[in-house]
Amino acid sequence: MSVDQNCITEEEAELYDRQIRLWGANVQRSLRNLKVLVIGLNGVAAEVCKNLILSGVHSVTMMDNGNVSKEDLTSQYLLYPESIGQNRAQASLKAAQVLNPNVKVSADTSSPLDKPISYYSNFDVLCVTKQLPAVVVCLNDICKLYSIKFFSGDSFGMFGYLFEDLPDQKSENNELCSSFSSALNHQWTPKTSLKKRKLEDPSYLVFKILTDFRSSNCRDPSRSFEENDKRVLSDLRNSVLKSFNVEDDILPEEYLENVFGEYGPTCSVIGGMIAQLVVKSLSTDSSTSYNLHLFNHLRCQLTGMNFILSSQSKDIIPPPVEGSVVELEE
């Protein structure tokens with residue numbers, strides 16, 4: 001006798017009782033059919049996997065072609081000291097599966113670039129971390145092709161970001177949201193300049209500097225190359241400030257002292273938010289206040305920016321303690 005896939009069993013109702021009370025049985029039914037691919041098993045991805053596995057999704061595939069380093073152990077809690085040198089996805093499998101035996105958890109040691117485009121059609125959600133910006137843009141485009149829900153996020157020391165792109169996603173003003181490439185390559189005009197918008201937090205400038213650094217160096221700033229990387233970061237800071245036509249004091253150079261390595265609490269915030277947005281995307285209201293979220297742990301502040309496909313734009317700047325929200329046209 002087959003089990004009705006739309007019905008929540010008594011065992012599931014007991015196991016997920018508290019979250020069913022939070023988001024309802026309909027969302028829980030959608031979760032149990034959700035197939036998730038997580039690319040890049042860094043500290044942010046570990047948090048995403050943990051939260052989604054505990055929530056009761058159908059399956060989580062963890063993909064990473066890199067090996068565990070000593071630095072990974074500072075923020076990626078699915079790993080063990082004896083994991084050093086092993087494949088990062090494979091080494092995370094045991095601890096991830098223990099979280100919820102009802103969820104199918106698997107590891108893939110491939111590079112995302114080695115997969116045929118059709119491979120991604122097997123998933124409902126794609127979460128991307130620890131990838132070059134050009135790869136993130138490519139994966140975002142593939143998700144658009146197959147109407148897959150796309151999320152990207154990373155942490156850089158005390159700073160982090162996450163980006164979401166859902167099929168036909170609209171802002172609260174009913175405007176179509178744009179893709180990750182717009183967040184990276186937005187053409188700033190006097191109308192949309194950071195100076196005009198008077199942002200309370202320079203996290204977008206940090207985001208630009210760090211994504212540029214990753215693109216140019218195929219890695220993130222490292223304490224192993226600290227002296228050299230500080231010079232590179234300083235040059236990138238000067239270049240970004242000039243291109244955005246903003247004063248030096250908007251982004252103090254001391255900020256860039258705090259972008260090295262992965263900081264566990266920042267990973268928890270970014271990864272937790274990504275998992276939360278995945279669950280929210282299953283509700284009837286998938287509109288978003290903003291699609292790029294920038295976290296500044298130094299100020300405990302979240303800044304939102306919405307990149308939209310529209311001729312209308314609107315600034316919404318709440319008090320600094322609540323963060324800043326800015327809508328931008330592509």
* Asked: Can you list every ring-ring contact (aromatic ring centres under 6.0 Å, His included) pair that touches residues 126-159, not counting sequence neighbours?
  -> F159-Y255
* Go through the side-chain N and O atoms of D72 and S69 and say whether any donor and acceptor fall under 3.5 Å apart. => yes
* What salt bridge (Lys or Arg N to Asp or Glu O under 4.0 Å) pairs are there with at least one residue in residues 224-234, not counting sequence neighbours? -> R219-D229, R223-E226, E226-K230, E227-R231, K230-E257
* How would you list, by chain and number, every residue that makes a side-chain hydrogen bond (donor to acceptor under 3.5 Å, both in side chains) with Y120, sequence neighbours excluded? -> none
* To do: State which residues pass salt bridge (Lys or Arg N to Asp or Glu O under 4.0 Å) with R237; sequence neighbours excluded, sorted by chain then number.
  => E253
* Can the ring centres of F295 and H293 be said to be less than 6.0 Å apart? -> no
* To do: For R214 and Q131, indicate whether the former's side chain and the latter's backbone hold a donor-acceptor pair under 3.5 Å.
  => yes
* Sort and list the pairs that fulfil ring-ring contact (aromatic ring centres under 6.0 Å, His included) and have at least one residue in residues 205-233, not counting sequence neighbours. => Y161-F207, Y204-F207
* Identify, with sequence neighbours excluded, every residue that meets salt bridge (Lys or Arg N to Asp or Glu O under 4.0 Å) alongside R18. => none
* Structure fact -> Residue set satisfying side-chain contact (heavy atoms from CB on, under 4.5 Å) with S111, at least two apart, ordered chain then number -> N65, L113, D114
* Asked: So, S55 side chain and L52 main chain: donor-acceptor pair closer than 3.5 Å or not?
  -> yes
* Can N87 and T109 be counted as having a side-chain donor-acceptor contact under 3.5 angstrom? -> no
* To do: Quick one: name the residues clustered hydrophobically with L79, using the 4.5 Å side-chain heavy-atom rule over I, L, V, M, F, W, Y, and just say none if it's on its own.
  => V68, L73, I84
* side-chain contact (heavy atoms from CB on, under 4.5 Å) partners of Q97, counting only residues at least two apart -> V105
* Would you please name every residue forming a salt bridge (Lys or Arg N to Asp or Glu O under 4.0 Å) with K115, sequence neighbours left out? => D108
* Please check if the side chain of N51 supplies one atom and the backbone of E47 the other of a donor-acceptor pair under 3.5 Å. => yes
* Asked: Do any pairs count as a salt bridge (Lys or Arg N to Asp or Glu O under 4.0 Å) and have a residue in residues 57-70, sequence neighbours left out, and if so which ones?
  -> D64-R88
* N102: side-chain contact (heavy atoms from CB on, under 4.5 Å) partners, not counting sequence neighbours -> E11, L15, Y16, N100
